[in-house]
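One structure is given here, and the rest of the page talks about it.
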Amino acid sequence: MTRKRSAKRLLPIGIPLLLALLVGLTVSVYFWQIRLQKPSEINMGDHRHHSAAAVGAGMHEHAASGVACESLVAGEASGATREFDLTAARTELRLDNGKTLEAWTFNGISPGPELRVNEGDRVVVTLRNEDIEDGVTLHWHGINVPCSQDGVAGVTQDAVKPGESFTYAFVAAAPGTYWYHSHQMSSIQAKKGLLGSIIVEPRNPFGLAPKATEVAALYQRLESAVLLNGSTRGLKVSVGPGETVRLRLTNGDNETMNFSVEGAPFQVVAMDGHDMHEPGLLDGEIVPLGAGQRYDLLVRLPDSGKVVVRNDAADNLPITLGSGSEPARMEGLKTFSFVDYGAPVPNDPLPPGEPDRRYELRLGQLLFVSTINGRSFHEIPPMTVKEGETARITLVNEGGGDHPFHFHGHTFRVLSKNGNPLTGSPVYLDTLLTKKGEIYEIFLVADNPGLWMVHCHNLEHASMGMSMMLNYEGITTSYRVGTKSGNLPDL
Ligand code: C2O
Ligand code: CU
């Protein structure tokens, strides 16, 4: 009786108190996040001393004198030199639905020009910034360029300010579907339009495959509109029955896109630019494409003449191959998995035995903050490696959405999913889509000395803290992230 009464008396004080506490907590987490996002000055090459993410492997002290990231440049190319100019500018962009947007463009368009080069070419791109106040950079997503060419503001260079320019040079060593985007305030600048496709065509394009018509399809979100190669209406490819199309799909948005192919069976012939070994025919499977990922689909047109590739994120943006009768809509299909797709390669070069390093990265969320092992951004201890070492990294998605996890400078191999080793084709990626509850083990060879960002490619998550470094011992940078320099790569 008395207890009840006192509880009742406490209620009027208790509720406001609780509310005040909640508001206080929310506000402080909010400011914590702002402080994390905008530190005053951080050297991303020099916070290696705490290595809490390391599991087992011992940390080695590195020599005090280092090699500057800036000094690591491209070697000789076997192919031609291909030069491009990309100028970033504020643009009133008129879409093909008549609407006008305040966009940021390369050479007046968004996406920027599709760059096509050949395997082995030396690619030289001069970036100019006309009037993007915060500065811009170019990051070559998926291409393993030398450290100085990686385009990360505050790590590999300063953001290129209005009136300035920066010339990138690298060798396009591996054929495949890649893309480029600004890595200064990436979550803002990619959405404003500063991105585009770069395709590295293989020297021997038709080695085993039949001759195919090539189409690159880049999806992006420009402000709130999803566009396909800059269009609001989808894409039409004129091909005839019996012809084969290689469709290079790139997800430049922040959310996973689920593709369906209606009207013909198809193959996933490459993921993130890397060919699959003996990819089988798929019929009606949904292909989930994480943010930042690329899938190359090979489709042979049936006699009926028409195939429609749809994407659940934008029903208005179908890719129509050929003409003829409309194929039946597909729904409720099973989802493609690379875990047992294709066939293993004979004499698989997978290195046996213990890796030199082991890391575990738990991807999660804390109120407004996206975290790795419970920490955010520069508070996350970097992974450290030495050139020539091997690393096994466990990725655990503990929630907060899909986390398409991206490594700069490296192609990694997926070893297992939820404890089950892959049984089909080897899978090499630069961005791995992880869904809640999933656990992956990946393997990489430390073969590209530098200071490399590793982050979720839902760039909103990266901007909220899900971004860290893979640092080689002994590599230094003179650039700084923070409000002082104005370099904020993932804001
Ligand atoms: Cu496309 Cu650091 O990313
Ligand atoms: Cu994420």
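Note that the numbering runs from 1 along the sequence shown for the chain. Whatever order the structure lists ligands and atoms in, that order sets their numbers, starting from 1.
His457 lies close to atom 1 (Cu) of ligand 1, since one of its N, O or S atoms is found at a distance under 2.8 Å. With a cut-off of 2.8 Å, atom 1 (Cu) of ligand 1 has an N, O or S atom of His181 in range. The nearest N, O or S atom of His455 is closer to atom 2 (Cu) of ligand 1 than 2.8 Å.
Residues His455 and His408 place their aromatic rings such that the two centres sit under 6.0 Å apart. Phe259 and Tyr295 have their aromatic ring centers separated by at least 6.0 angstrom. Trp104 and His181 have their aromatic ring centers separated by at least 6.0 angstrom. In summary, the aromatic rings of Phe412 and Tyr428 are positioned with their centroids too far apart to meet the 6.0 Å limit. Remark: aromatic rings of Tyr178 and Trp140 are distant, center separation not under 6.0 Å.
Checked against atom 2 (Cu) of ligand 1, the N, O or S atom of His408 at the shortest distance is NE2. In His183, the N, O or S atom that comes nearest to atom 2 (Cu) of ligand 1 is NE2. No other N/O/S atom of His141 lies as close to atom 1 (Cu) of ligand 1 as ND1 does.
Around the Cu ion (ligand 2), the protein atoms of type N, O or S found under 2.8 Å away are His403 ND1, Cys456 SG, His461 ND1, listed by chain and number.
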Between Asp430 and His141, does the side-chain hydrogen bond (donor to acceptor under 3.5 Å, both in side chains) criterion hold? Intermediate values first, please. CA-CA 8 Å; Asp430 54 71; His141 183 120; 3.1 Å; yes

